[in-house]
J.: 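Starting off with a structure, shown below.
Both counts, for ligands and for their atoms, begin at 1 and track the order of listing. For reference, positions follow the sequence shown, starting with 1.
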Amino acid sequence: MAGRILPSPSAGEGGPRTILLRPGADLTGFRDAARRLAASGARPEAVTWSVESAPGLFGSDGAPDADRPLSLPRAVVDLIPQVVPHRDPERYSLLYTLIWRSLHGERHLMEVASDPVVHRLSRMAKAIRRDLHKMHAFLRFHRVEDAAGERFVAWFEPDHHILEAAAPFFVRRFAGMRWTILTPEGRAVWDGTALTYGPPGSRSDVPEGDGFEAGWQTYYETTFNPARVNPKAMRAEMPKKYWRNMPETAAIPALLRGAADRTAQMIEREPTVPARREPARAVAAMADQDPNSLDELNAIIRKTEPLVPGATQAVLGEGPLGATLAFVGEQPGDQEDLKGRPFVGPAGQLLSRAMAEAGIDREASYLTNAVKHFKFTLRGKRRIHEKPTAGEVSHYRWWLDRELDFVAPKLVVALGATAVLALTGKSIPITRARGPFRFDRRDNRFQGFITVHPSYLLRLPDEAKEEAYAAFLDDLKRIAALGAELAA
Ligand code: URA
């Protein structure tokens with residue numbers, strides 16, 4: 001749906017305009033209007049952003065520049081869909097101000113975290129990420145029968161307009177089920193092949209009890225760890241408003257009442273929860289958690305505080321289970337931390353390019369890091385990557401081991417010394433060990449390959465880059481051949 005631009009009668013080229021967008025998160029309408037406004041030189045202060053009370057009434061005004069893409073910095077392009085679902089009525093005007101300034105002499109504006117516009121928009125994006133996380137984690141389906149058979153229905157009340165942003169996650173997760181998610185603003189319907197959106201529903205459209213509920217409840221009771229109970233943090237993480245939709249939370253009051261006794265019993269049974277800076281104990285505590293799948297492991301990682309505070313979020317591994325090749329890096333960088341995905345910053349882009357040149361399909365490979373949180377020091381407004389210590393690497397090692405167990409790749413590629421340390425427990429110079437390598441710390445389980453980290457190539461002086469890149473490419477070609485051999 002394209003936004004409609006209403007020029008005021010007195011408007012010249014830069015005169016006042018009103019943009020009408022549909023209610024909720026009108027990403028297409030906003031993008032389209034922003035493109036046309038910027039192309040026609042409309043300054044942010046001349047634009048009023050307004051939301052139509054009735055959706056779907058209008059189309060594009062046919063302005064000639066509607067489809068011409070703007071040359072915006074990647075960080076701005078990425079931020080737009082993260083902010084549009086926010087409830088704040090000023091979101092569109094702030095986004096357009098950001099776009100305008102980025103196009104007019106402030107190309108690196110997004111790096112100025114203290115700028116009031118950047119700051120507010122970043123906070124909005126963070127609120128959306130949190131709302132999405134809650135919807136992904138706390139939505140519960142209930143089974144119903146209709147003429148076509150089994151169907152699942154869920155009710156959820158997000159804080160922001162996130163239904164369309166959240167729904168693809170459920171398609172991936174529950175692709176084989178037919179389901180409907182109802183919210184006060186609209187519904188998402190998956191029929192097993194297509195995702196569609198429709199009118200709002202109400203809580204009473206969802207049945208009260210079904211066979212799923214006992215299962216959720218047992219799961220919650222058995223995974224509940226009384227030693228970690230912090231009712232305040234628990235309420236902040238899982239606000240009470242969601243409890244009504246979650247069968248397992250019926251158990252929370254009783255579990256909280258019993259927590260003190262159960263904690264005392266646990267203390268007698270085993271050492272206390274490890275201190276943050278004692279990697280060996282932290283690893284032991286992790287091992288206690290015993291996840292049964294990569295999803296369960298990832299849920300644990302996602303919820304765990306960074307060892308060194310500061311990171312926006314945990315950056316999880318990405319790629320298919322059973323991938324032939326798994327690449328292990330050091331830790332997420334600045335871009336990875338903001339986007340929540342591994343290898344999407346400059347080093348990741350270089351890696352992608354080299355993988356493509358070597359004939360390795362990045363999408364079919366598994367990419368992860370030894371350490372799951374970004375560690376940095378602030379230099380002015382910039383977050384400068386800081387190498388993890390051996391203790392920190394050791395703290396995260398159990399996660400990596402379990403992760404690779406679940407992914408079960410044929411060949412594990414260590415990118416750089418930190419990955420080697422995480423995979424072998426030893427500091428081995430890359431120059432000595434570069435090439436095929438047996439990671440025998442864990443029952444000779446993984447055939448490995450050691451090569452340099454792509455960020456090493458980025459740091460080299462220009463005259464040395466070409467040769468180093470060629471050597472890296474050679475390694476990747478050997479990795480591709482070895483992977484193909486092992487997968488055969
Ligand atoms: N460097 C890494 O080691 N991992 C990333 O995800 C990005 C940069």
Side-chain angles (χ1 to χ4, degrees), residues 74-75 78 111 129 294 297-298 301-302 304 306-308 310-320 323 325-356 360 362-377 382-397 399-401 403-404 407 409 411-424 427-430 433-434 437 439 448-460 465 468-469 472 475-476 479:
R74 189 80 238 159
D78 289 345
E111 288 162 27
R129 282 200 296 275
L294 185 59
L297 174 69
N298 281 342
I301 299 176
R302 220 182 260 120
T304 307
L307 194 60
V308 178
T312 312
Q313 56 193 313
V315 176
L316 305 172
E318 201 174 83
L325 304 177
F327 289 82
V328 180
E330 180 188 82
Q331 67 168 343
D334 181 69
Q335 296 287 314
E336 286 80 11
D337 172 71
L338 295 173
K339 295 188 183 131
R341 294 186 54 208
F343 289 104
V344 291
Q349 285 161 23
L350 183 66
L351 176 64
S352 293
R353 183 185 132 198
M355 284 170 87
I360 298 173
R362 172 169 170 154
E363 298 294 309
S365 307
Y366 188 83
L367 273 72
T368 192
N369 283 298
V371 167
K372 306 294 192 242
H373 294 100
F374 178 41
K375 180 179 160 194
F376 60 91
T377 40
R382 297 186 57 213
R383 304 193 303 168
I384 307 296
H385 160 276
E386 212 184 303
K387 200 174 163 62
T389 63
E392 284 152 13
V393 172
S394 168
H395 174 92
Y396 286 88
R397 221 156 107 203
W399 283 347
L400 180 65
D401 280 351
E403 190 182 4
L404 293 175
V407 177
L411 182 68
V412 178
V413 180
L415 298 167
T418 303
V420 174
L421 175 63
L423 289 161
T424 62
S427 281
I428 304 175
I430 301 292
R434 192 166 181 168
F437 193 92
F439 294 127
F449 194 103
I450 295 176
T451 184
V452 294
H453 193 286
S455 65
Y456 154 78
L457 302 175
L458 292 174
R459 286 194 303 268
L460 285 173
K465 274 199 169 93
Y469 182 75
F472 184 54
D475 281 353
L476 289 178
I479 288 163

J.: Note the single closest protein heavy atom to atom 4 (N) of ligand 1, along with its residue, its atom name and the distance in Å.
T.: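 Going atom by atom, the protein heavy atom closest to atom 4 (N) of ligand 1 ends up being Asn369 OD1, 2.6 Å.
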J.: For His453, counting its heavy atoms only, list the atoms of ligand 1 lying under 4.0 Å from any of them.
T.: 1 (N), 2 (C), 3 (O)
J.: Report the distance from atom CD of Glu363 to atom CE of Met355, rounding to the nearest 0.5 Å.
T.: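 Glu363 CD to Met355 CE: 9.5 Å, rounded to 0.5 Å.
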J.: With a heavy-atom distance limit of 4.0 Å, tell me whether Glu330 approaches ligand 1 through its side chain, its backbone, both, or neither.
T.: both
J.: Any side-chain heavy-atom pair from Leu415 and Phe472 closer than 4.5 angstrom?
T.: yes
J.: Give the numbers and elements of all ligand 1 atoms closer than 4.0 Å to a heavy atom of Gly329.
T.: 3 (O)
J.: Going by an N to O cut-off under 4.0 Å, is there a salt bridge joining Arg382 and Glu111?
T.: no
J.: Just heavy atoms, cut-off under 4.0 Å: does Gln331 contact ligand 1 by side chain, backbone, both, or neither?
T.: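 The answer is the backbone.
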J.: Can you see whether Phe343 has Arg362 sitting over its ring - NZ or CZ less than 6.0 Å from the centre and within 45° of the normal?
T.: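 Not flagged: Arg362 not positioned over aromatic ring of Phe343.
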J.: Backbone or side chain, does any N or O of Pro332 fall under 3.5 Å from an N or O of ligand 1?
T.: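 No; the residue has no nitrogen or oxygen that sits under 3.5 Å from a nitrogen or oxygen of the ligand.
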J.: Ring-plane angle category for Phe439 and Phe437, please: parallel below 30°, perpendicular beyond 60°, tilted otherwise.
T.: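 Geometry flag for Phe437 against Phe439: tilted rings.
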J.: With rounding to the nearest 0.5 angstrom, report the CZ to CD distance, Phe374 to Gln331.
T.: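 Separation between the atoms: 7.0 Å.
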J.: Looking at ligand 1, is there an atom of it that comes within less than 4.0 Å of some heavy atom belonging to His385?
T.: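 Under 4.0 Å: no for His385.
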